[in-house]
J.: 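I have a structure I would like to understand better, so I am pasting it below and will then ask my questions one at a time.
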Amino acid sequence: LASGYVASVKPMIDADAGKINICVDTDELADDYADVKLAICTLISKITVASAVTQGAEVETIVLSNGQAFDFKFHLPNRIPIKLKLTLTLSENNQVVIGNPDDVKVLLLANIDARYKLGKNFEPQRYFSIIDAPWTAQVLLQYSTDDGATWLSSIYNADYDALLTFGLEDVTLVED
């Protein structure tokens, strides 16, 4: 979506014929949310074809240039809180300064922020590597959707409206 919004569209299946599901990552608790919602729906009205029916709980009625009023809708993200665990195994051949743990966590979050967005699969091994931490021999990034009871390093196959959420306080760094 234009105007700086991050959006994801549900892949079409036969059952969705004529319907479009758009999810937009926006803060529905913000003071200016009413204006943002109107701006998003206005934008959707300009980029969708007239025969498509938009789906979602966020709705605005927009009057088109021909005078007809239509409802334009979108979904808010399904925010899924996760924990992250980054395990770094120190290289026995290391000849560089070992990174500060807080700096490593910040770099990890910056990498994820640059490469992961709403509706995209979460691919742990794409977000941090030995290039980011040259003092390591091995890097393993894992995530947990159950507050640390189970840790996974496999790809999280996301629905179009899924948004994994986490912050610095959700990152554990393990150095072997």
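All heavy atoms count here, side chains included; hydrogens, waters and symmetry mates do not.
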J.: Begin with the C-alpha distance, continue with both residues' side-chain angles, and end with the deciding distance and a verdict on side-chain contact (heavy atoms from CB on, under 4.5 Å) for Asn94 and Glu92.
T.: CA-CA 6 Å; Asn94 178 45; Glu92 292 184 17; over 6 Å; no
J.: Given the rule that I, L, V, M, F, W and Y join up when any side-chain heavy atoms are under 4.5 Å apart, are Leu141 and Ile131 in one cluster?
T.: no
J.: Does Lys73 offer a backbone N or O that forms a donor-acceptor pair with the side chain of Thr54 under 3.5 Å?
T.: yes
J.: Say you draw a straight line from NZ of Lys85 to CG of Leu152; how long is it, rounded to the nearest 0.5 Å?
T.: 10.5 Å
J.: Backbone N or O of Ala149 within a donor-acceptor pair of the Asp146 side chain at under 3.5 Å?
T.: yes
J.: Compare all side-chain heavy atoms of Leu90 with those of Thr136 and state whether any distance is below 4.5 angstrom.
T.: no
J.: Can you establish whether the number of heavy atoms outside Asp31 located under 6.0 Å from its atom CG is more than 12?
T.: no
J.: Do Ile82 and Tyr127 sit in one hydrophobic cluster, given that two such residues count as connected whenever their side-chain heavy atoms are within less than 4.5 Å of each other, even indirectly?
T.: yes
J.: List the steps and the verdict of side-chain contact (heavy atoms from CB on, under 4.5 Å) for Trp135 and Ser91.
T.: CA-CA 6 Å; Trp135 61 90; Ser91 170; over 6 Å; no
J.: Enter the distance from Thr165:OG1 to Asp170:CG here, rounded to the nearest 0.5 Å.
T.: 7.5 Å
J.: What closest approach, in Å, do Pro77 and Leu118 show between heavy atoms, and which atom pair accounts for it?
T.: CB-CD1, 3.9 Å
J.: Just how far is it from atom CG of Asn78 to atom CG of Leu164, taken to the nearest 0.5 Å?
T.: 9.5 Å
J.: Please list all pairs meeting side-chain hydrogen bond (donor to acceptor under 3.5 Å, both in side chains) that have one or both residues in residues 106-118, counting only residues at least two apart or in different chains.
T.: Asn111-Asp132
J.: Of the options Leu109, Val104, Ile112, which is the one that meets Phe128 in a side chain to side chain contact (heavy atoms under 4.5 Å, CB included)?
T.: Val104
J.: Where do Tyr33 and Glu58 come nearest, in terms of heavy atoms and distance?
T.: OH-OE1, 2.6 Å
J.: Hydrophobic cluster membership, with links at side-chain heavy-atom distances under 4.5 Å among I/L/V/M/F/W/Y: are Ile98 and Ile130 in one?
T.: yes
J.: What's the spacing between Leu38 CG and Leu43 CG if we round to 0.5 Å?
T.: 11.0 Å
J.: What pairs of donor and acceptor atoms, side-chain ones from residues 20-29 against any protein atom, are under 3.5 angstrom apart with sequence neighbours left out?
T.:
| unit_1 | atom_1 | unit_2 | atom_2 | d |
| --- | --- | --- | --- | --- |
| Asn21 | OD1 | His75 | NE2 | 2.7 |
| Asp25 | OD1 | Arg79 | NH1 | 3.4 |
| Asp25 | OD1 | Arg79 | NH2 | 3.3 |
| Asp27 | OD1 | Leu29 | N | 2.9 |

J.: How close do Leu140 and Gln125 get, heavy atom to heavy atom, and via which atoms?
T.: CD1-NE2, 3.8 Å
J.: Treating Ile, Leu, Val, Met, Phe, Trp and Tyr as nodes and any side-chain heavy-atom pair under 4.5 angstrom as an edge, say whether Leu168 and Leu107 lie in one connected cluster.
T.: yes
J.: Given side chains that start at C-beta, do those of Val171 and Leu108 come closer than 4.5 Å, heavy atoms only?
T.: yes
J.: Is it true that a side-chain atom of Asp16 and a backbone atom of Lys19 form a donor plus acceptor pair closer than 3.5 Å?
T.: no
J.: Please report the shortest heavy-atom distance between Pro124 and Ser153, naming the atom on each side.
T.: CG-O, 3.5 Å
J.: Decide whether Phe72 and Tyr160 are clustered together by the hydrophobic rule: side chain heavy atoms of Ile, Leu, Val, Met, Phe, Trp, Tyr closer than 4.5 Å, transitively.
T.: no
J.: For the residue pair Leu88 and Val174, establish whether any side-chain heavy-atom pair is separated by less than 4.5 Å.
T.: no
J.: When rounded to the nearest 0.5 angstrom, what is the spacing between OG1 in Thr145 and CZ in Phe122?
T.: 11.5 Å
J.: Are any of the side-chain nitrogens in Lys10 or Asp161 under 4.0 Å away from the carboxylate oxygens of its partner?
T.: no
J.: For the OG1 atom of Thr87 and the CD atom of Gln142, what is their distance to the nearest 0.5 Å?
T.: 5.5 Å
J.: I'd like to know whether Phe74 forms a side-chain contact (heavy atoms from CB on, under 4.5 Å) with Lys37, so could you lay out the CA-CA distance, the side-chain angles of the two residues, the decisive distance to 0.1 Å, and finally the verdict.
T.: CA-CA 9 Å; Phe74 66 95; Lys37 183 170 83 165; 3.8 Å; yes
J.: Identify the heavy atoms of Glu60 and Ala34 that sit nearest to each other, and give their distance.
T.: OE2-O, 4.5 Å
J.: Give the minimum heavy-atom separation between Gly119 and Ser8, together with the two atoms involved.
T.: CA-OG, 3.7 Å
J.: Using a cut-off of 6.0 Å, state whether more than 12 heavy atoms not belonging to Gln95 lie near its atom CD.
T.: no
J.: Under 3.5 Å, which donor-acceptor pairs link side chains of residues 61-70 to any protein atom two or more places apart or in another chain?
T.:
| unit_1 | atom_1 | unit_2 | atom_2 | d |
| --- | --- | --- | --- | --- |
| Thr61 | OG1 | Asp71 | OD1 | 2.6 |
| Asn66 | OD1 | Gln68 | N | 2.9 |
| Asn66 | ND2 | Gln68 | OE1 | 3.0 |

J.: Answer yes or no: is there a side-chain heavy-atom contact under 4.5 Å between Val139 and Ser129?
T.: no
J.: May I ask you to check whether Phe166 and Tyr143 place their ring centres under 6.0 Å from each other?
T.: no
